[in-house]
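All values derive from a computational prediction rather than experimental measurement.
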There are 2 protein chains.
Amino acid sequence: MADMKLTPLQQDFVLHFGEMGSRWGINRTVGQIYALLFLSEQPLNAEQITEGLSISRSNTSMGLKELQSWELVRLRHKQGDRRDYFTTPDDLWEIVRTLVAQRRKREIDPTLTKLRELELRGPQGDAYAEARIAELRELIEMMTAFHDEMNRLETERLVQLMTMGRKLGGLLDKTPKLNPFRRKTQ
Amino acid sequence: MADMKLTPLQQDFVLHFGEMGSRWGINRTVGQIYALLFLSEQPLNAEQITEGLSISRSNTSMGLKELQSWELVRLRHKQGDRRDYFTTPDDLWEIVRTLVAQRRKREIDPTLTKLRELELRGPQGDAYAEARIAELRELIEMMTAFHDEMNRLETERLVQLMTMGRKLGGLLDKTPKLNPFRRKTQ
DNA sequence: CATCCGTTTCAGAAATTTCTGAAATGGCCG
DNA sequence: CGGCCATTTCAGAAATTTCTGAAACGGATG
């Protein structure tokens with residue numbers, strides 16, 4: 001663990017996460033740091049990450065700060081060593097929960113706030129736009145409420161729900177019911 | 001509809017979508033074009049969008065191309081007018097389905113492919129990393145299978161499921177069952 | 001309080017992404 | 001075919017984001 005040469009497997013995984021970073025809304029370095037920590041059994045310190053990824057020390061520092069702001073990374077300490085060591089949670093479901101929660105916070109919540117703010121202005125004479133905005137707000141509220149529910153489930157129940165497969169549809173009452181989100185025209 | 005002055009409501013909504021664009025993995029212009037189309041009862045042509053958003057004609061063209069590649073926008077034609085007109089679907093659920101499908105295609109599927117590729121190499125002597133990769137692949141497979149299931153449901157059933165609230169947990173069998181994704185240690 | 005060691009900040013450099021105007025393309029019509 | 005109109009392409013300009021090295025910071029220790 002001293003010289004931090006990556007195995008070909010780590011190398012490949014890390015590079016992939018780096019490339020995907022931009023699609024995931026993080027930058028390459030942040031993706032690579034996360035990937036490296038994800039595959040490391042032992043916590044790593046900033047120096048090891050810097051060396052492993054051949055990036056600058058300050059870049060590592062910024063990347064770690066970013067990952068901490070996402071709460072995707074844990075800080076650890078070792079006896080008699082004042083450097084910071086980092087890991088990712090062992091439990092993948094916990095990672096997913098964090099990821100979803102953070103994306104919601106950054107990608108959804110600000111828009112929900114904005115939509116509510118727009119509605120507070122009351123009718124402005126553009127009935128279509130106003131209806132469209134209200135409809136979007138309702139949809140987002142429904143989805144976030146559902147997310148809250150799923151989040152409340154213990155992991156075990158969640159896995160149970162997700163692995164139900166075809167049985168899912170069967171659980172639901174098939175009585176015809178009006179769908180508030182379907183429009184009359186197209 | 002001729003001179004495309006935006007109302008304050010449209011203006012504000014469009015600017016918000018522009019700002020959020022970067023968080024959503026699209027650029028400002030693309031976000032703005034989508035927002036404008038979303039609030040427009042009538043389909044708009046490229047010229048109207050260009051004018052409404054005060055951007056260049058070529059930027060509009062590129063933005064529309066991008067939105068078409070996401071399948072988030074529909075092409076329409078008017079009698080005796082050979083310009084292309086664009087709209088967003090009336091049905092918000094359809095928009096959400098498209099969005100989720102596209103994000104999965106761009107953000108998840110390539111990684112799933114990569115993970116499988118890494119596993120095909122067989123044991124390389126880094127048991128921890130190999131286990132971690134396998135675990136991640138299994139998790140992603142479970143989630144995509146679940147997505148496929150949800151996607152199969154008609155909108156009405158989906159809404160029914162999402163609005164179940166607390167009853168969700170109650171539906172599930174509470175018999176203790178081993179969770180294949182929880183690790184022994186932390 | 002001076003030094004050591006690890007971390008963070010920050011201004012500018014480098015890289016990347018976005019945007020524009022001009023030119024090219026493509027199809028329709030007379 | 002030649003002109004017209006809408007759209008796309010593309011090379012360079014502009015804007016934004018990422019990355020680096022150097023300096024500042026902070027806190028433990030002798």
Find the distance B:Tyr85:OH to D:dC5:P and express it as a whole number of Å. 15 Å
B:Ser56 has a side chain; which of C:dG27, D:dG27, C:dG21 sits nearest to it? C:dG21
Strictly below 4.0 Å: does A:Arg28 bring a side-chain N or O up to OP1 or OP2 of D:dT18? no
Atom NZ of residue position B:Lys65 - does it have more than 12 heavy atoms of other residues, nucleotides or ligands inside 6.0 Å? no
Closest of D:dT7, D:dT20, C:dC19 to the B:Asp84 side chain is D:dT7
Round to a whole Å and report the spacing from CD1 of B:Ile26 to C1' of D:dT16. 17 Å
Does A:Ser58 make a side-chain donor-acceptor contact with the base of D:dG21, cut-off 3.5 Å? yes
Report yes or no: do B:Gln102 and B:Glu71 form a side-chain donor-acceptor pair below 3.5 Å? yes
Under 4.0 Å: is that the gap between some side-chain N or O of B:Asn27 and OP1 or OP2 of C:dC19? yes
Nearest whole angstrom, please: distance from the C1' of D:dT9 to the CD of B:Glu66. 16 Å
Using whole Å, what does the distance between atom C1' of nucleotide C:dA13 and atom CE of A:Met62 come to? 14 Å
Heavy atoms under 4.0 Å, any strand shown: does A:Arg83 hit a base, just sugar-phosphate, or nothing? sugar-phosphate
Please give, in whole Å, the distance from C:dT7 C1' to A:Ile33 CD1? 14 Å
Does B:Arg57 make a side-chain N or O approach to OP1 or OP2 of D:dT7 shorter than 4.0 Å? yes
How many Å lie between CG on A:Asn59 and P on C:dA14, as a whole number? 16 Å
Has B:Thr29 got a side-chain N or O lying under 4.0 Å from the OP1 or OP2 atom of C:dC19? yes
When you check the phosphate oxygens OP1 and OP2 of D:dT9, does a side-chain N or O of B:Ser61 lie under 4.0 Å from one of them? no
Among D:dA6, D:dT20, C:dG6, find the nucleotide with the atom closest to the side chain of A:Arg82. C:dG6
Does D:dT9 have its OP1 or OP2 closer than 4.0 Å to a side-chain nitrogen or oxygen of B:Lys65? yes
Pair A:Thr111, B:Arg23: side-chain N/O donor-acceptor within cut-off below 3.5 Å: no
